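Okay, structure first, notes after.
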Amino acid sequence: MTDANFNTTYGIVGAGPAGVIAAYLLARQGVLLLEAHHDFDRDFRGDTIHAGIMELLDEMGLAEELLKLPHAKMQTLGLTANGVTQQIVDFRDTGSRFPYVTMMPQCQFLEFIVDRARAFNTFSIRMGARVTGLTTTGRGYGIEFKEDGVVHTVVADLIIAADGRHSTIRKLMELHPKQTSVPMDVLWFRKHSLIYFRT
Ligand SMILES: Cc1cc2nc3c(=O)[nH]c(=O)nc-3n(C[C@H](O)[C@H](O)[C@H](O)COP(=O)(O)OP(=O)(O)OC[C@H]3O[C@@H](n4cnc5c(N)ncnc54)[C@H](O)[C@@H]3O)c2cc1C
């Protein structure tokens, strides 16, 4: 049993889309958000925010502010084959308040949400903080994270594992995801061209 360096209501592991949105929604009640990377600027992240997400952000009072940031709006989607371009999707027909796909780098989106969470003094984020273990403390289960070579301990009423598809927490908990097949694979190139292979 170890003493905790940090006590919080919600300990959230991972500042991807899931972690930052959860952190923003819970910030008022006390959140410590831990992110392994030192910034949000990573390769191979999606740049599209779809209408359904924009509507949720609107309900959270964030859509208008988000759309003040540099972005592009994709209203239609075309396919060019043998020199002929055909429009295959028209988002203007969706009936959404946001009848387009918002194109914005994911790092900009994540920074925006974290900035809004920072408005609450009950929220804090530690970048470069990699969760490495689970532990027990005087108050219950906790997590250990490593930052600049130093190991710290967090106890929280609830630990939220938002650390992505290769989740460390999931491995530490010895939980085994059920493998399912996916309808397609996607290859992603730096120049933002996409090739889809149906399997
Ligand atoms: C090539 C590609 C393109 C995509 N394009 C789009 C798109 O255009 N639009 C869209 O909506 N979705 C897109 N997606 C899907 C989208 O990126 C994912 O659905 C989304 O990132 C999942 O969010 P998440 O928060 O669950 O996990 P992640 O985004 O993976 O975030 C997990 C976070 O946890 C951190 N972390 C991991 N381990 C630890 C640890 N031990 N301690 C602390 N932190 C840790 C990671 O550094 C990371 O920041 C794309 C995915 C890929 C791979």
Side-chain angles (χ1 to χ4, degrees), residues 5-6 8 10-26 31-57 62-63 66 69 71-74 77 89 91 94 96 98 100-114 117 124-135 141-154 156 159-175 177 180 182-197 199:
N5 300 110
F6 297 93
T8 183
Y10 298 102
I12 302 180
V13 184
V20 299
I21 292 287
Y24 174 76
L25 291 172
L26 300 170
V31 164
L32 174 61
L33 177 59
L34 302 172
E35 169 53 47
H37 287 86
H38 288 273
D39 57 41
F40 296 114
D41 198 7
R42 295 192 274 297
D43 260 352
F44 306 121
R45 287 301 184 95
D47 289 352
T48 62
I49 305 174
H50 295 260
I53 306 293
M54 289 305 300
E55 288 182 4
L56 288 174
L57 292 171
L62 296 175
L66 182 74
L69 299 177
H71 69 280
K73 292 183 175 71
M74 183 169 62
L77 195 59
V89 181
F91 296 108
T94 54
S96 169
F98 304 91
Y100 46 81
V101 175
T102 307
M103 307 290 294
M104 180 182 288
Q106 197 185 81
C107 60
Q108 188 177 302
F109 171 75
L110 297 176
E111 277 162 15
F112 169 83
I113 302 292
V114 167
S124 63
I125 180 168
R126 299 186 82 91
M127 302 297 287
R130 181 174 290 279
V131 170
T132 51
L134 300 173
T135 182
Y141 282 105
I143 43 176
E144 288 176 347
F145 72 91
K146 210 171 194 179
E147 188 185 59
D148 297 328
V150 180
V151 176
H152 302 277
T153 315
V154 181
I159 305 285
I160 299 177
D163 51 344
R165 72 186 74 175
H166 304 296
S167 172
T168 301
I169 303 273
R170 191 174 61 210
K171 282 179 199 141
L172 292 168
M173 297 284 296
E174 296 181 17
L175 299 172
T180 56
V182 289
M184 64 183 183
D185 293 327
V186 181
L187 297 184
W188 191 274
F189 296 93
R190 274 179 201 279
K191 294 255 181 216
H192 285 190
S193 45
L194 278 172
I195 298 178
Y196 293 88
F197 289 101
T199 55

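In what follows, residues are counted from 1 in the order of the sequence shown. Predicted model only: the values in this text are computed from it and were never measured. Remember, it's 1-based here, ligands and their atoms both numbered in the order they're listed.
In this structure the side chain of I160 never reaches within 4.5 angstrom of the side chain of V13, judged on heavy atoms.
In terms of the salt bridge (Lys or Arg N to Asp or Glu O under 4.0 Å) criterion, residue partners of E147 (sequence neighbours excluded) are, by chain and number, R126. Residues passing the ring-ring contact (aromatic ring centres under 6.0 Å, His included) test with H50, sequence neighbours excluded: none.
With atom 31 (O) of ligand 1 as the reference point, the heavy atom nearest to it among G52, G14, G16 is part of G16. In this comparison of D163, I12, T132, the heavy atom closest to atom 36 (N) of ligand 1 sits on D163. Which of L172, I21, T48 comes nearest to atom 11 (O) of ligand 1 through a heavy atom is settled by distance: it is T48.
Under the 6.0 Å cut-off for aromatic ring centres, F98 and F91 do not qualify, their centroids lying 6.0 Å or more apart.
Checked by atom type and distance alone, the side chain of D163 never pairs as donor or acceptor with a backbone atom of G14 at under 3.5 Å. Listed for the R170 side chain is a donor-acceptor partner under 3.5 Å among the backbone atoms of R165.
The shortest N/O to N/O separation between R130 and ligand 1 does not fall below 3.5 Å. Checked against a 3.5 angstrom limit, the closest N/O atoms of V13 and ligand 1 fall outside it.
Not a single heavy atom of H166 sits closer than 4.0 Å to an atom of ligand 1. Ligand 1 has no atom lying under 4.0 Å from any heavy atom of S167.
Residue contact check: G164 has heavy atoms under 4.0 Å from atoms 27 (O), 30 (O), 32 (C) of ligand 1. Those atoms of ligand 1 with a heavy atom of H37 less than 4.0 angstrom away are 47 (O). If you number the atoms of ligand 1 from 1 as listed, the ones under 4.0 Å from a heavy atom of A129 come out as 42 (N), 43 (C). Those atoms of ligand 1 with a heavy atom of R165 less than 4.0 angstrom away are 53 (C). Close approach to A162 involves these atoms of ligand 1, each under 4.0 Å from a residue heavy atom: 32 (C), 33 (C), 34 (O). Below 4.0 Å from some heavy atom of T168 lie the following atoms of ligand 1, by number and element: 41 (N).
The number of heavy atoms from other shown groups lying within 6.0 Å of CE (M103) is above 12.
Ring-plane geometry between H152 and F6 is classed as perpendicular, the angle between the planes exceeding 60 degrees on a 0 to 90 degree scale with a lower cut at 30.
Once rounded to the nearest 0.5 Å, the distance linking CD1 of I113 with CG of L57 reads 5.5 Å.
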